[in-house]
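Atoms considered below: every heavy atom in the structure, side chains included; atoms not considered: hydrogens, waters and symmetry mates. None of these values were measured; they are calculated from a predicted model.
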4 protein chains.
Amino acid sequence: MSSEIGSIIKTTVFGESHGIAIGAVMDAPPPGYSINEDEILVQLSRRAPGQSKTATARKESDTPEFLSGLLDGRTTGAPLAAIIRNSSQHSSDYESLKNNPRPSHADYPASIRFNGFNDIRGGGNFSGRLTAPMVALGSVARQILKANGVTVGGHVFKIGSVCDSKFDPVNVTSEELDNLNKQYFSVIDKNAKQQMTDLIEKKAAEGDSIGGVVEIAVTGLPAGIGSPTSRGIENVISTAVFSVPAVKGIEFGDGFKFAELSGSEANDSMYYDDKTVKCRTNHQGGISGGISNGMPLIIRAALKPTPSIFKEQRTVDLASGKDTVLKIKGRHDPCIVPRALPAIEAAICLALLDIHSEVKPL
Amino acid sequence: MSSEIGSIIKTTVFGESHGIAIGAVMDAPPPGYSINEDEILVQLSRRAPGQSKTATARKESDTPEFLSGLLDGRTTGAPLAAIIRNSSQHSSDYESLKNNPRPSHADYPASIRFNGFNDIRGGGNFSGRLTAPMVALGSVARQILKANGVTVGGHVFKIGSVCDSKFDPVNVTSEELDNLNKQYFSVIDKNAKQQMTDLIEKKAAEGDSIGGVVEIAVTGLPAGIGSPTSRGIENVISTAVFSVPAVKGIEFGDGFKFAELSGSEANDSMYYDDKTVKCRTNHQGGISGGISNGMPLIIRAALKPTPSIFKEQRTVDLASGKDTVLKIKGRHDPCIVPRALPAIEAAICLALLDIHSEVKPL
Amino acid sequence: MSSEIGSIIKTTVFGESHGIAIGAVMDAPPPGYSINEDEILVQLSRRAPGQSKTATARKESDTPEFLSGLLDGRTTGAPLAAIIRNSSQHSSDYESLKNNPRPSHADYPASIRFNGFNDIRGGGNFSGRLTAPMVALGSVARQILKANGVTVGGHVFKIGSVCDSKFDPVNVTSEELDNLNKQYFSVIDKNAKQQMTDLIEKKAAEGDSIGGVVEIAVTGLPAGIGSPTSRGIENVISTAVFSVPAVKGIEFGDGFKFAELSGSEANDSMYYDDKTVKCRTNHQGGISGGISNGMPLIIRAALKPTPSIFKEQRTVDLASGKDTVLKIKGRHDPCIVPRALPAIEAAICLALLDIHSEVKPL
Amino acid sequence: MSSEIGSIIKTTVFGESHGIAIGAVMDAPPPGYSINEDEILVQLSRRAPGQSKTATARKESDTPEFLSGLLDGRTTGAPLAAIIRNSSQHSSDYESLKNNPRPSHADYPASIRFNGFNDIRGGGNFSGRLTAPMVALGSVARQILKANGVTVGGHVFKIGSVCDSKFDPVNVTSEELDNLNKQYFSVIDKNAKQQMTDLIEKKAAEGDSIGGVVEIAVTGLPAGIGSPTSRGIENVISTAVFSVPAVKGIEFGDGFKFAELSGSEANDSMYYDDKTVKCRTNHQGGISGGISNGMPLIIRAALKPTPSIFKEQRTVDLASGKDTVLKIKGRHDPCIVPRALPAIEAAICLALLDIHSEVKPL
């Protein structure tokens, strides 16, 4: 039950990095929605490796094959399955890792969890590669949401100490999000992007890596979507977003900044904009009591630096029961943040489709 | 399905602030565990109001009545239900809120979500009062975990800009956590606590409120608990913790600080401590790939300031369709953080019991 | 997770026969439905013991207390909880059963499943008494369905070899069902009922018991409700109905009779009745491919004879590890079928509310 | 959520009869089990069409491709996905069915459920073809159960009024079941099989079809597996078995025969066989209170005759809103029972793996 995102519309992700194929099944999208496969490829290209020096040089031919759930380009309402074949595997690179787990990677805890039977090649089922089918089916969810006026989009907000501009939480537009959604490594402020790129390339040159923060906004979600307690928007989005490897924190609206705010500063006063209830500010990130209040959703997620660095590290040798050192080979991203962004957006799209379907099926 | 925490051992929370009773059902704890009801009362007293000027003067007689699932003080393995009767209700205080929703409260989105049929008295099903049964059954989970060597404990880390010391993520002990677990408004550093108290009282005097951050540690969790993708420890804990009202962010280990770290700084190198694999540092907060690695879990959650402040606020009048102003009456916490801490710990206990049961039933 | 009926609207049943209270929580009914508590009492009285010689003389004061989810007689959309206090317990009657499990009762397998910690008094969590809260919340579901034009009703079809008339699967009316729904031991044919009563009283006099079959019909369910594969109407109803103790079989439409039919005999030809598609016959029991086809649902469930008989039986003594004999004391039903009928109807109502909500939330 | 079997180990089935491929994902099998692909092919061959005159002449190349979850022939503990490509499609045969739904088929209710967007070709997602991946992954479950001493096997018990011998519910052996498991159209009594075959061929010659009953036994399941109320063995197996198209009834042990039995006849008295508790008879079919009691499980399922017959039938024309007649073309089974048997066994294996994992993970 470990690979399922959503409780009503459930998307199960499967595959191992160096196995035959990775894929996902959505059980099941609502019927009758047109799905544009080119748009899916755009999203996949945003997470694809090998696009610049900021990412791994590894090539992935990430063209999904849709096996079911679509007829003449429309959802049938039956489970929608897609697979992506694996290729370009350097499995031998990982041989030595079996006994020498990479620090801060899943290697060691996974070997205990699965009694040593888990596929360690390329990270196996823990690989960031699993986000490819998540992005593919997240794009299906994104298109269904879009057809209902809901737009999801994001940008890299922070790499190291370099920050992009934040979204305007009140006035962010769907056009702005649509524009970001077409880009690899989308950043609002071009100067910030250049500095981020420089920093990542510097870390790459050092054989090191760097973490970051992404910010996602959702426009067009009507008030009244979500539920109290355990099925609030924050509950469902957070559990989905932590499905993306390397995510270690999430916040909504002002998030951790709320600690320093008074209620009089943090409350979003309400008014009528013609006949629609709106807020003058949006500290809550569009969510009160777990339910959408009609303002844009604002979500930020923190990602740790890729643990696979090329510097020598101290680890253990599980065979001998002694300490040892490790030098990781292979191709690894010096910064996973730009490529993780579309995966996190995808997780949010899958969560929102699930939440929306509980209240008002699309 | 909105009020259920956990996927295997499921705890359903019910009740409305001014209804007959609130309660929860755990379906179902493992059989044969001794449950100490006094320990449950200790946890409930940690979240009870009226203890100091930092909390609301409202009295709650939060003695739970256990209806099922216990025999001679031991879990039977059948669903464990507990209820807490409501009393001391000033329902008239809320009459005016029906049309004048409180800014940043659930009032407005809930009225849309439930077509105006939701119980608005005292916040209804959205009330922080619902955390009382969560704490009661969380204490049951806590005791079951404790019997298996797992200790959960926390402290108020930050109120406004006043910070407590952080847990030592490598060396935090179960004794330290046990000691914190007995206190109301537990803080490590006494000076910090005095400053926090002063700040909260100042905000209360101003008719305002203030937010904060709590930090929780878990010791004794063996390596290998948790699953990849959607059933990782972060996934399950985050969705549970967002069940506590006012939580707007969560992070594990270094969390949002990871953005500024290099892999070489963030990775936790491993070594053999006698025959046990340990890490020299604990930036990951004890979790890699969603699975416990044997180090203490470190979790922080951010809480927004109570939206119910006594200052005049601008809102809408849903009856007339015009803007208006609102002055909230009643008794409200100037800072919910100290009382939310045991609720967040409870959510974590429920999540850990659920996660553990998936891998190795207790 | 063992006591939950439904996947979207989930009803968790809890309690032990001789514990403090039994109860159930529905998470959560749709908001705004008027719930008539008298109608709930009518349903509870249909399953109450002590009504005639055909049932146990045990008294149960089965007046549920509604704790949450209702305001001014309407559902709020929050979880709806109800409890029924236990009384009239003769716990000492069960003392000897601890080591001498009753044949064909849960005693022996439950003692292994729960390592001997389960409450054995009165059957504990396995008691037929648990069907009381199921009936109470099933009545809530029944009323919500009724407000949407869907009527659920049933009768005792068979006791021993005495058969009642069957429902006319094409022309059964909601009036007919409503009439049956008000009665204890509802049977269509009065002569059959007399014969059934005579047979049960004869079995009671012999210290023996007898099994039976109930038949339930559902009218007014529109075509198109249900899903293929694992969420078909048969899937969801069957798993719910087996929650009622003593049920050992279920069939839909012609059920086991289908084995002897040709397709040309079993197929229900379709026609236009004005503008509505109908079937001339209803062998399918209103369900094709798991989805309602607009015809009445027809469901039959088989119940085994109460295993608690007063005749001497051979069993084992778990303490000594030797064979022994057992004479059961206490008060037990010679035939559980009349009292199980409203519980089975309740399970069907809970299942239908869940199924309907997946497709078109009520 | 409609295509998922199991609650802890979940198997999601996907695909449409004339789509690209059908398949299933098991999330997730326990790690470390050797899976024999030849054994999977044996099971698939038992459900394959075109083997004799008793089945459709349609050819299916049902060799599954395993995409994930296996390494060196062992389960890794990650989701196990398998697909089967479709071929040999005569999609044009179904063109006319769009407006003229086949009586007692899913055509009409599905068109309403999915607003006409469902894939009607070959029955689409409702096709019996979907049982192929169910059989493939059911075989994986079967092998895991087998490695733990649990054997599942069955036979065609009844076709029309021709009955096979029943299993001896007390003494049925794993050897007997293993032998049945290798055969297509497995029947205990050869004479009965000949009569069944004759009857089916007669129906085929008439352009008609015939229903039947299958019987499945499970040996080696230890006492204490299962749970009360909604997670009993009957609950979980019944909901899984109704995932197989054409199933319209299920019974455990004496099932519907219980109606005519007294408690003194139906109770299974217990004794010590050396140190093991056993029953002298097995009317309960190995299950009391939803939990295994150590005796073999006995399950029977009723299947309706294939609705796709070649005789002219009366139906409606959805385009014109008028009645019409229909003559079905294409290739259809005159009796689906022999081919449905391995699918029902597979559903039982998936259910048992799920149930067992809740109590004692394998």
Side-chain angles (χ1 to χ4, degrees), chain C residues 2-5 103-104 106 109 112-113 125-126 158 160-161 208-213 223-224 227-231 234-235 238-239 242-243 248-249 251-252 255-256 258-264 266-272 277 284 288-289 291 293 302 304-305 307 309 311 314-316 323, chain D residues 2-5 103-104 106 109 112-113 125-126 158 160-161 208-213 223-224 227-231 234-235 238-239 242-243 248-249 251-252 255-256 258-264 266-272 277 284 288-289 291 293 302 304-305 307 309 311 314-316 323:
Chain C
S2 72
S3 299
E4 193 173 71
I5 298 174
S104 299
I112 295 179
R113 169 70 171 85
N125 184 240
F126 291 83
K158 188 177 180 180
S161 56
D208 210 338
S209 63
I210 185 78
V213 174
S227 292
T229 315
S230 62
R231 285 282 295 173
E234 290 112 332
N235 307 72
S238 66
T239 197
F242 280 110
S243 299
K248 295 296 281 187
E251 61 180 10
F252 297 85
F256 279 84
F258 271 123
E260 304 188 13
L261 297 184
S262 301
S264 58
N267 282 359
D268 300 311
S269 73
M270 302 160 85
Y271 71 102
Y272 272 104
V277 173
Q284 317 302 315
S288 297
I291 306 178
N293 65 15
K304 68 177 185 180
I309 57 174
K311 295 189 168 186
R314 292 181 290 174
T315 188
V316 292
D323 294 350
Chain D
S2 73
S3 300
E4 193 173 72
I5 298 174
S104 299
I112 295 179
R113 168 71 172 84
N125 184 241
F126 292 83
K158 188 176 180 181
S161 55
D208 210 340
S209 64
I210 185 77
V213 174
S227 292
T229 314
S230 61
R231 285 281 295 174
E234 290 111 333
N235 306 74
S238 66
T239 197
F242 280 111
S243 299
K248 295 295 281 188
E251 62 180 10
F252 298 85
F256 279 85
F258 271 123
E260 304 189 12
L261 297 184
S262 301
S264 58
N267 282 358
D268 300 311
S269 72
M270 301 160 83
Y271 70 102
Y272 273 105
V277 174
Q284 317 302 315
S288 297
I291 306 178
N293 64 16
K304 68 176 184 180
I309 56 174
K311 293 188 167 186
R314 291 180 291 174
T315 189
V316 291
D323 296 349

Partner chain C: residue of D:Ser230, D:Ala302, D:Gly249, D:Gly211 with the largest heavy-atom pair count (under 4.5 Å): D:Ser230

Distance from D:Thr239 atom OG1 to C:Glu234 atom CD, nearest 0.5 Å? 10.0 Å

Between OG on residue D:Ser243 and CZ on residue C:Arg231, distance to nearest 0.5 Å: 11.5 Å

The reported gap from CE in C:Met270 to OG1 in D:Thr315 (rounded to nearest 0.5 angstrom) is 4.5 Å

Residue pair D:Asp208 / C:Gly263: nearest heavy atoms and the distance that separates them: OD1-N, 3.2 Å

Do you know which of C:Ile112, C:Leu261, C:Asn293 has the most heavy-atom pairs with chain D at a distance under 4.5 angstrom? C:Leu261

Of all residues at least two apart in sequence or in a different chain, which pass the ring-ring contact (aromatic ring centres under 6.0 Å, His included) check with C:Phe126? none

Hey, what do you get for OG (C:Ser161) to CD (D:Glu260), rounding to the nearest 0.5 Å? 5.5 Å

Taking every heavy-atom pair that is under 4.5 Å apart, which of D:Gly289, D:Ser227, D:Ala266, D:Ser288 has the most such pairs with chain C? D:Ser288

Close side-chain approach of D:Glu251 and C:Phe256, heavy atoms under 4.5 Å: yes

If I measure from the heavy atoms of chain C, does D:Lys304 come under 4.5 Å with its side chain, its backbone, both, or neither? both

Determine the option with the most heavy-atom pairs under 4.5 angstrom with chain C, choosing from D:Ala106, D:Gly255, D:Ser264, D:Ala223. D:Ser264

Within a strict 4.5 Å, meaning less than it, do heavy atoms of the C:Pro103 and D:Asp268 side chains meet? no

Just how far is it from atom CD1 of C:Ile291 to atom OG of D:Ser2, taken to the nearest 0.5 Å? 8.5 Å

Can you tell me how far apart OG (C:Ser209) and CG (D:Asn267) are? Round to the nearest 0.5 Å. 6.5 Å

side-chain hydrogen bond (donor to acceptor under 3.5 Å, both in side chains) involving C:Ser238 - partner list, sequence neighbours excluded: D:Ser238

